[in-house]
There are 2 protein chains.
Amino acid sequence: MYAFERTNKAKKPIKQRAIESNRQIRIKDIAARAKVSIGTVDRVLHNRGEVAESTRKKILEIVEELNYQPNILASTLASKKSAVFATLMPQPLSEDAYWSKPSKGAQKRIAELRQYGLQMQPFMFNQGDSKSFEKEAQRILELQPDGVALAPFFKKEALRFIDQLNELNIPFVFIDSEIRDAGQLSYIGQDSYQSGLVSGKLLDMILPDGNILVIHFAREMDNQNHLIQREKAFYDWFSQQTGSPHQLFTTDVADTDDPAWEDKITDKIRSHSIKGIFVTNSKVFNVGSLLEKKEINDIKVIGHDLLKENVSYLKKGLVHFLICQRPEEQGYEAINKLFRSVVQKRTIDEKNYTSIDIITKENVDYYKEFK
Amino acid sequence: MYAFERTNKAKKPIKQRAIESNRQIRIKDIAARAKVSIGTVDRVLHNRGEVAESTRKKILEIVEELNYQPNILASTLASKKSAVFATLMPQPLSEDAYWSKPSKGAQKRIAELRQYGLQMQPFMFNQGDSKSFEKEAQRILELQPDGVALAPFFKKEALRFIDQLNELNIPFVFIDSEIRDAGQLSYIGQDSYQSGLVSGKLLDMILPDGNILVIHFAREMDNQNHLIQREKAFYDWFSQQTGSPHQLFTTDVADTDDPAWEDKITDKIRSHSIKGIFVTNSKVFNVGSLLEKKEINDIKVIGHDLLKENVSYLKKGLVHFLICQRPEEQGYEAINKLFRSVVQKRTIDEKNYTSIDIITKENVDYYKEFK
DNA sequence: TTAATTGTCGTGTTCGTACACGGAAAAATT
DNA sequence: AATTTTTCCGTGTACGAACACGACAATTAA
């Protein structure tokens with residue numbers, strides 16, 4: 001809908017005063033002060049064309065003195081710059097699955113920046129198929145975008161891709177997980193180790209006794225480094241507590257399509273007198289549904305990420321804490337970093353750990369990632 | 001520092017392609033389509049001057065059809081609109097005190113919007129003196145700003161102020177606490193009751209036995225409705241648990257300058273076998289320092305807000321949880337709402353509860369309010 | 001001495017919108 | 001029929017920055 005002011009005629013006009021005091025400094029002002037033309041100042045600011053060393057110095061001094069800040073509005077309007085970014089992320093397994101979220105965040109930032117002529121081209125690969133990763137990577141290289149945000153899911157393939165990006169001088173950011181010193185502009189994601197510590201502490205605090213089961217719901221653990229990190233930190237927490245009454249066990253569940261896993265876990269719970277469960281990723285709803293079905297309700301459960309299903313088990317009291325890493329914000333931030341670097345030419349931080357949010361039944365309804 | 005492109009000459013120029021596909025629709029395009037001049041379209045869009053009903057209709061149809069979205073950059077650049085906003089908040093008691101934060105957030109948003117010609121005029125009153133509130137309110141009325149963000153600390157005085165604002169047709173938003181149905185554009189703050197529930201749950205979870213002391217550090221409780229709400233919810237939590245092993249007590253500490261309060265609290269702890277403490281506001285550092293001094297370390301403590309001092313006791317393990325309400329984000333959001341409504345003429349949500357964040361030793365370093 | 005080259009710079013147009021001014025046509029008034 | 005008044009609409013300039021083009025002087029080469 002197109003509305004504008006028609007709806008609120010009554011509003012009084014906005015003030016047109018008091019602005020002289022902090023009037024913006026324009027290129028024009030600098031030119032006047034330096035007694036040169038606008039074109040000359042422009043050349044100095046953007047190192048275009050040639051300028052006599054003396055005038056260049058004079059202009060830079062005045063720029064400094066007057067603290068000139070370019071008007072972004074006018075700048076982007078005039079330059080008509082445009083850029084195409086590509087994202088390379090896993091195909092979400094369902095509508096509400098984890099990987100739909102970073103994508104949404106990226107879309108949001110792109111929508112906000114449409115005025116700046118930004119465009120995005122999403123590429124998605126199959127989580128279980130490194131070949132599809134390579135194929136999509138190849139398509140990105142053909143597109144030759146101005147920036148790439150990728151989840152380096154398959155390390156070997158990602159490294160090869162990155163090499164080519166570097167060669168083509170295309171900047172990129174990592175999202176979710178990271179390869180160190182690969183020439184990335186930035187990394188956006190959680191500190192997996194630290195988040196494992198948080199999980200450990202929380203479960204420890206609310207569990208007077210009984211043993212603990214750590215469950216990885218993942219097809220192959222090879223490319224799931226952050227799950228390993230979380231598990232490691234979780235174990236470390238308990239090994240650092242003196243005289244901890246808990247014993248820890250770990251299980252992998254590769255395939256939840258095969259219902260055999262349910263009995264396997266149920267047996268483990270019974271035989272090891274498990275009183276606490278930590279699921280290392282967003283698949284904790286599986287545990288919720290299992291406990292509900294088997295009517296087990298004396299187990300404390302911690303998992304990750306605010307999927308709809310997870311929230312539902314949180315509200316039912318079958319899951320006690322969800323650790324959240326603001327996936328939408330990660331997508332948003334990834335695009336934002338590319339924008340700031342590529343279009344605005346600003347320098348950006350190399351690391352960007354998102355916060356480790358603790359969500360429980362009572363605060364989940366107030367949790368919003370975005371402003 | 002002024003840098004621009006000088007630093008990264010090597011970067012290749014941004015692409016200038018593929019943009020035709022989603023080319024922006026301009027007023028010019030609409031004018032051409034409708035076979036009228038730009039001026040006419042402009043008059044229709046802004047109901048300026050008069051336009052024949054037939055052409056007006058035609059233009060609106062085309063606008064609809066082409067889904068015209070005005071270019072905000074060009075628009076604000078050309079209009080040179082400007083607005084002055086005023087904030088009315090308590091004077092922070094110290095550099096790092098709670099009330100310095102909403103102010104910082106507001107400043108931040110103002111800085112970002114400088115390009116739009118926005119200005120802010122902060123007014124601060126003495127938390128213990130309703131007269132000073134009235135005085136500052138009067139000064140705001142003299143300024144006649146285009147919008148006001150205020151913390152309605154003193155209800156009676158705030159109501160009188162708001163009446164005058166409404167009369168002058170000046171929009172305003174509440175921050176921190178709220179007066180219902182007073183004509184506000186929006187309310188930005190925490191749901192105090194809910195945050196009290198969160199505190200109750202957390203303390204309950206980590207406390208096997210022993211009694212609990214609720215402390216209000218506040219001069220007068222009359223104007224501290226949200227502290228009351230938090231306390232009420234906290235009590236409600238425990239009364240809803242069947243067979244809770246905890247008994248609750250409440251104390252007010254009006255003045256921490258008088259060191260007598262320390263003994264009073266210490267006595268209470270001893271005589272009531274207190275094992276948990278809940279401080280209803282940001283003054284929990286007082287408890288931290290007390291416990292440290294008296295070398296008491298078997299008490300679980302929950303308080304509010306990430307003041308530097310609070311964080312330091314959190315890290316020492318003397319405070320176990322801090323509930324945070326993102327005060328900077330509140331200030332930021334308050335200005336943002338005013339901007340969106342006053343300058344951009346957009347509609348905005350009436351309520352904006354900030355999230356209830358749970359902070360502990362392990363995740364505090366990763367907690368950032370802002371992107 | 002003239003032509004060609006290089007180093008410096010100014011002018012003019014553009015981006016998409018806002019808004020003032022005034023002109024022309026149509027309607028209403030003498 | 002001549003005039004005033006009203007209705008309707010087009011033109012031109014501004015916002016602040018980006019960038020292309022070419023002017024002019026100072027050098028250098030012929």
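Predicted, not measured: the structure shown is a model, and the values here were computed from it. In what follows, every chain begins at residue 1, and chains take the letters A, B, ... in the order their sequences are listed.
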Query raised in the report: Which salt bridge (charged side-chain N to carboxylate O under 4.0 Å, His left out) pairs, counting each pair once, include a residue from residues 178-188 of chain A, with sequence neighbours left out?
Result: A:E178-A:K351
**Report entry** Non-neighbouring partners of B:R43 that pass side chain to side chain donor-acceptor pair (under 3.5 Å), sequence neighbours left out
**Finding:** none
Query raised in the report: Do B:D163 and B:R160 meet the salt-bridge criterion of a basic N to acidic O distance under 4.0 Å?
Result: no
Requested in this report: Check side chain to side chain donor-acceptor pair (under 3.5 Å) between A:E112 and all other residues, then give those that pass, not counting sequence neighbours.
Outcome: A:R109, A:Y332
Query raised in the report: Between B:H46 and C:dA18, is there a side-chain N or O to OP1/OP2 distance below 4.0 Å?
Result: yes
**Report entry** Spacing of A:N47 atom CG relative to C:dT8 atom C1', expressed in whole Å
**Finding:** 16 Å
Query - Under-4.0 Å side-chain N/O to phosphate OP1/OP2 contact, A:R48 with D:dC19 - result: yes
Query raised in the report: Can you tell me if the side-chain N/O atoms of B:Y116 get under 4.0 Å from OP1 or OP2 in D:dC15?
Result: no
**Report entry** For A:R139, all residues meeting side chain to side chain donor-acceptor pair (under 3.5 Å), sequence neighbours excluded
**Finding:** A:E136
Report summary line: Between CG of B:N71 and C1' of C:dG16 the distance, given in whole Å, is 6 Å
Requested in this report: Might you confirm whether atom NZ of B:K104 has over 12 heavy atoms from other residues, nucleotides or ligands at distances under 6.0 Å?
Outcome: yes
Query raised in the report: Of B:L77 and B:D42, whose nearest nucleotide on DNA chain C comes first from the 5' end?
Result: B:L77
Report summary line: Rounded to whole Å, NZ of B:K28 lies from P of C:dT17 at a distance of 10 Å
Query raised in the report: Bend angle of the helix from C:dT1-D:dA30 to C:dA27-D:dT4 from five-pair axes at both ends, rounded to 10°?
Result: 70°
Report task. Please report, rounded to the nearest Å, how far the C1' atom of C:dT17 is from the CD atom of B:Q69. Result -> 15 Å
Requested in this report: Take the protein atom CD1 of B:I72 and the nucleotide atom P of C:dT17, then report the distance between them rounded to whole Å.
Outcome: 11 Å
Query raised in the report: Within the side chain of A:S341, is there an N or O that forms a donor-acceptor pair under 3.5 Å with the backbone of A:K337?
Result: no
Query raised in the report: Between B:F123 and B:F125, is the gap from one ring center to the other below 6.0 Å?
Result: no
Query raised in the report: Yes or no on salt bridge (charged side-chain N to carboxylate O under 4.0 Å, His left out) for B:R326 and B:E333, after CA distance, side-chain angles and deciding distance?
Result: CA-CA 10 Å; B:R326 309 195 191 184; B:E333 200 51 38; over 6 Å; no
Report summary line: B/S/- along nucleotides 7-12 of chain D (protein heavy atoms under 4.0 Å) is -SBBB-
Requested in this report: State whether A:S75 places a side-chain N or O below 4.0 Å from either non-bridging phosphate oxygen (OP1 or OP2) of D:dA18.
Outcome: yes
Report task. Quickly work out the A:I30 CD1 to D:dG16 P distance and round it to whole Å. Result -> 13 Å
